[in-house]
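Report on one structure; see the data block that follows.
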Amino acid sequence: MIVVHTYMLILFVNMEIYKANSDYYIHYRPEIDSNMKNKQISNSWSVGINSTQKDMLDDDAHLKVSYSPGKKGGNFGLPLGAKLTVPEGLFGKKDSISCQVAPPSQRWRHSPVLPYYEHLTSEIFILNSTVHPLKKSVIVRIPYYQIDSEHNEINVKGKWKDEEEWVNVGFLHKSDTSSPCIELEIDRLGVFVVTFTPKKETFEVTTQGCLYNAHMSKYISVRVPKKAAEKNFQCAIQITPITEEKVKLAKEFYPFETSELENVSEIIDLIPNFQCTFRRAVSVKLPLPANVEVENESANTDIAVLAKLESGWELVDTKYRFTRTTVTCDVKSLTRFCVVKSKPDRKKRMAAAVSILEGRCEMEKGEVMAFINFQEKTWFLVLECFPKNKLDSKIAEMKEKGFRHFKKEISKPEEPVDNKQHFRRPPTIKTKSQNVPVEFEIFDGLKWTFNVSDDLKANLDSDYMENKDLQYYKHLPESLRKFVIEPKTTEERTLIGAINLTPVGINDQKVREASTMALRIEVDEETVKAYFHEEVIPEEPEVKKEKPNLDLLRTPEIKVDKPTTPFTPKFKPLPASVMERLMRTSRPQIIIERESKAITGKSLRNLSKYVPEGLTLAVHLDLPDSTITGIGFDAISNGLSMADVTYKILLYWKRTRKDKKDLAVEMLADALREMGRVEAAHVVQECHKNSKEVTPEIYSELLSKMALS
């Protein structure tokens, strides 16, 4: 019973310490069985550029957890509300399993390459374990963000450990939870993400004809007469909704093409598995636009059906048959259809309007902005893309965190005058430079390459050198990159820098120009001086030693009238055996043994900053459970950080060790290796070998050598 309470206390201590010291809000709270006797390894994160930069750039500690389930297994809470169920007998006492959610700034490392019609709708979950392969299956429940389930269906993609290819993974959809989630039963770990694709419905068409009423929408049906098709084939139905907001945005950007458009239905795809032209006309029933009803069939000359052919969108010029909510027309081939309502006698202009709407189904107004936090010695930059309607709330949120924002500027060369008539939007007056923000549109998967130029540069330790892409994820909360910038020279003056963004994979010239931008960053002279200012440590004043007054130490002379002869006592010489017996001590000789420099107080303090998983380290150092409990309660009551807890545990462990040299260093290195901190174990052993204390400089130097090797 004592062991049960001890392990539950370890979990509670870790969560309370993290809650008290983290500036980032907690998205989740792990759930554990009431009967669980397992140990939770504390939340941890990788070490960044240095301890100060880690707090700003790596503030996603809540996105990673590690557990040591033990032989009993159990249920465990994962980041963002995910859950893990481990069966009994899968893990040993010192085995562990970890789950990390890829932070938004690091999503590029793990994101799969998807086709244009598939989109991410969950964060990327990375599962690792010290046991590989698993002898039994574990159950993982992964949440995802809400989607339009009427027109889309979810899918799960996974990349197994030690493999490079992404594959579809079987899953169960769980509807008994407050937020949507899926459940995986897997015996292999790896990287997993939830995606969605447009929903499709398939039916069979034979040479004997077909009458099919769609299940996706009761307003869609296809009637193929007998002997209309040359051979049997399959046909898929897919619906792409067009919202009122998209129509409004299209009218704002393309007023000439869409001025005659009043209302529009969904885009409905009737896609055969091979292109064919029917011998006889096929009847297709389609829904009317929303809020449009037909009362008198003869009076509806402003409703048109358009079909997409090889040459583009064209009006279906046949007789229409109306019901109150549908329209039926005859066609010779199955393709993409759309029903529109135009102004009177303007149906022929609807082809251009539908063409505009088709390409804008996934587009919305967007904004790209740079947020910078100017500290004295470090400048943190967040480059983020988000919808235009989130601009004010995003600026306010980053301002509370101490960031300044910088908007984009678009400069265009003066274009030559073209006397040809183009039926596009009305001409506008163009200048050589427009410093006002220019609205542009973003869509899921839009990607830019960016670079830092002029008076600023990116810190070489940031991931800027590994990847210079910014990608927009429409269905995820954040799309950003984080790194550190610094002056390019040592001049103490006002600096003008720029972040240049160039879109990738966009062929349309106008869209490319609207998406090409530069963010101008101005750093005032005072901030630059504070960056280069070196703190002068005042020298301690020399203590002047006063010369002692020797006169006070002199013995006053005694005046003696007559000199006296000193009395010399006579001793009987003692034998050598007696002298040896008197000089011999009964106590054993005390040999003062110096401790290794790798585990001095200073070394342990620096090491604790890089290994904040103190309670996990205590388990691997085989400290008593009562000691771990006491240190945990002391940390909560005194508000200690996780690094302070690690330091206290290391000091207690060192006091209990009789040998403070080779054996102690080897024991500490083994414990660090068992908990997965191989780099820390290597630093401790190298410092012991070279008789040096652990310092931030030595730690960084040894890590760099390990990376190069």
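These values consider heavy atoms only, across backbone and side chains, with no hydrogens, waters or symmetry-generated copies. We number each residue from 1, following the sequence as shown.
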Subject >> Approximate separation, where rounding is to 0.5 Å, of Glu384 CD and Ser105 OG >> reply: 10.5 Å
Original post:
If we ignore angles and hydrogens, is there a donor and acceptor under 3.5 Å between the side chains of Arg481 and Asn467?
Top reply: yes
Subject >> Nearest heavy atoms of Ile182 and Ile154, plus distance in Å >> reply: CG2-CD1, 3.4 Å
Subject >> N/O donor-acceptor pair under 3.5 Å between Asp455 side chain and Gly497 backbone >> reply: no
Original post:
With distance as the sole test, does Ser129 use its side chain to make a donor-acceptor pair with the main-chain N or O of Val131 at under 3.5 Å?
Top reply: yes
Original post:
If you look only at pairs with a residue in residues 109-126, which of them pass as a salt bridge (Lys or Arg N to Asp or Glu O under 4.0 Å), with sequence neighbours excluded?
Top reply: Arg107-Glu123, Arg109-Glu466
Original post:
Does the side chain of Val645 come within less than 4.5 Å of Ile631's, by heavy atoms?
Top reply: yes
Original post:
Roughly how far, to the nearest 0.5 Å, is CD of Glu486 from CZ of Phe532?
Top reply: 8.5 Å
Subject >> Minimum heavy-atom distance Thr695-Asn606, with the two atoms named >> reply: CA-ND2, 3.7 Å
Subject >> Worked verdict on Lys609 versus Asp644 for salt bridge (Lys or Arg N to Asp or Glu O under 4.0 Å) >> reply: CA-CA 8 Å; Lys609 295 178 182 178; Asp644 294 333; over 6 Å; no
**OP:** Taking the six-membered ring for Trp and the single ring otherwise, decide whether the centroids of Phe483 and Phe450 are under 6.0 Å apart.
**Re:** yes
Original post:
Arg512: what forms a side chain to side chain donor-acceptor pair (under 3.5 Å) with it, not counting sequence neighbours?
Top reply: none
**OP:** Spell out, as yes or no, whether a donor-acceptor pair under 3.5 Å connects the side chain of Tyr67 to the backbone of Leu78.
**Re:** no
Original post:
Of all heavy-atom pairs between Ser515 and Ile506, which one has the smallest distance, and what is that distance?
Top reply: OG-CD1, 4.4 Å
Original post:
Hey, are the side chains of Leu120 and Ser111 touching, using non-hydrogen atoms and a 4.5 Å cut-off?
Top reply: yes
Subject >> Basic-acidic side-chain contact under 4.0 Å: Lys199, Asp148 >> reply: no
**OP:** Mark yes or no for whether Asn373, through its side chain, and Gly402, through its backbone, hold a donor-acceptor pair below 3.5 Å.
**Re:** yes
Original post:
Just by distance, do the side chain of Thr121 and the backbone of Tyr144 share a donor-acceptor pair under 3.5 Å?
Top reply: no
Original post:
With a 4.5 Å limit on heavy-atom distance, are the side chains of Val86 and Phe76 in contact?
Top reply: yes
Original post:
Under 6.0 Å from the NZ atom of Lys399, do we count more than 12 heavy atoms belonging to anything else shown?
Top reply: no
**OP:** Can you sort out the partners of Glu364 under side chain to side chain donor-acceptor pair (under 3.5 Å), two or more places apart, ordered by chain and number?
**Re:** Tyr472
**OP:** For side chain to side chain contact (heavy atoms under 4.5 Å, CB included), just list the numbers for Leu650 and Leu617, CA-CA rounded to whole Å, side-chain angles, deciding distance to a tenth of an Å, and then say yes or no.
**Re:** CA-CA 9 Å; Leu650 289 173; Leu617 183 58; 3.6 Å; yes
Subject >> Intermediate values then yes/no, side chain to side chain contact (heavy atoms under 4.5 Å, CB included), His682 and Val678 >> reply: CA-CA 6 Å; His682 175 72; Val678 179; 5.6 Å; no
Subject >> Ile628 side, atom CD1; Ile649 side, atom CD1 - distance, nearest 0.5 Å >> reply: 7.0 Å
Original post:
For residues 442-451, which residue pairs qualify under side chain to side chain donor-acceptor pair (under 3.5 Å), counting only residues two or more places apart or in two chains?
Top reply: His119-Asp444, Asn451-Asn500
**OP:** Check whether any side-chain heavy atom of Thr616 sits under 4.5 Å from a side-chain heavy atom of Val611, and report yes or no.
**Re:** no
Side-chain donor/acceptor pairs under 3.5 Å, residues 155-166, sequence neighbours excluded:
from: Asn155; atom 1: ND2; to: Asn168; atom 2: OD1; distance (Å): 2.9
from: Lys157; atom 1: NZ; to: Asn168; atom 2: OD1; distance (Å): 3.0
from: Glu163; atom 1: OE2; to: Arg188; atom 2: NH2; distance (Å): 2.5

Subject >> Rounded distance [0.5 Å steps], CZ in Phe374 versus CZ in Phe403 >> reply: 10.5 Å
Subject >> Any Trp379 side-chain heavy atom under 4.5 Å of Leu456 side chain >> reply: yes
**OP:** Using side chain to side chain donor-acceptor pair (under 3.5 Å) as the criterion, list what pairs up with Lys246, not counting sequence neighbours.
**Re:** none
Original post:
In Å and rounded to the nearest 0.5 Å, what is the CZ to CD distance from Phe406 to Glu522?
Top reply: 8.0 Å
Original post:
For Pro103 and Leu63, which heavy atoms make the closest approach, and how far apart are they?
Top reply: CA-CD1, 3.9 Å
Original post:
Can a donor-acceptor pair be found between the side chains of Asp524 and Thr527 at a distance below 3.5 Å?
Top reply: yes
Subject >> Distance (rounded to the nearest 0.5 Å) between Leu702 CG and Cys687 SG >> reply: 6.0 Å
Original post:
Do side-chain atoms of Ser393 reach the backbone of Lys390 as a donor and acceptor pair under 3.5 angstrom?
Top reply: yes
Original post:
Can you check side chain to side chain contact (heavy atoms under 4.5 Å, CB included) on Thr502 and Met517, steps first, answer last?
Top reply: CA-CA 7 Å; Thr502 305; Met517 65 196 73; over 6 Å; no
**OP:** Start with the C-alpha gap between Asn75 and Thr85, add the side-chain angles, then the distance that decides, and say whether side-chain hydrogen bond (donor to acceptor under 3.5 Å, both in side chains) holds.
**Re:** CA-CA 5 Å; Asn75 297 326; Thr85 301; 3.0 Å; yes
**OP:** Measure the shortest side-chain to side-chain distance between Phe371 and Arg404 over non-hydrogen atoms and say whether it is less than 4.5 angstrom.
**Re:** no
Original post:
Is it true that a side-chain atom of Ser68 and a backbone atom of Lys93 form a donor plus acceptor pair closer than 3.5 Å?
Top reply: yes
Subject >> Check ion pair Asp634-Lys648 (N to O, under 4.0 angstrom) >> reply: yes
Original post:
At their closest point, which heavy atom of Ser603 faces which heavy atom of Val694, and how far apart are they?
Top reply: OG-N, 3.0 Å
Original post:
Any side-chain heavy atom of Leu501 sitting closer than 4.5 Å to one from Thr516?
Top reply: no
Subject >> Salt-bridge criterion met for Glu613 and Arg677 (N-O under 4.0 Å) >> reply: yes
Original post:
Under the side chain to side chain contact (heavy atoms under 4.5 Å, CB included) criterion, do Val193 and Phe125 qualify, and how do the steps go?
Top reply: CA-CA 6 Å; Val193 65; Phe125 288 78; over 6 Å; no
Subject >> Residue pair Asp463 / Lys482: nearest heavy atoms and the distance that separates them >> reply: OD1-O, 3.6 Å
Original post:
Would you say Gln471 and Ser479 make side-chain contact, with heavy atoms under 4.5 Å?
Top reply: no
**OP:** Report the residue from Val138, Leu134, Ile139 that forms a side-chain contact (heavy atoms from CB on, under 4.5 Å) with Ile186.
**Re:** Val138
**OP:** Before accepting this row, confirm whether a basic side-chain N of the pair Lys94/Glu674 lies closer than 4.0 Å to the acidic partner's carboxylate O.
**Re:** yes
**OP:** Check for a donor-acceptor pair, side chain of Thr646 on one end and backbone N or O of Met642 on the other, with a separation under 3.5 Å.
**Re:** yes
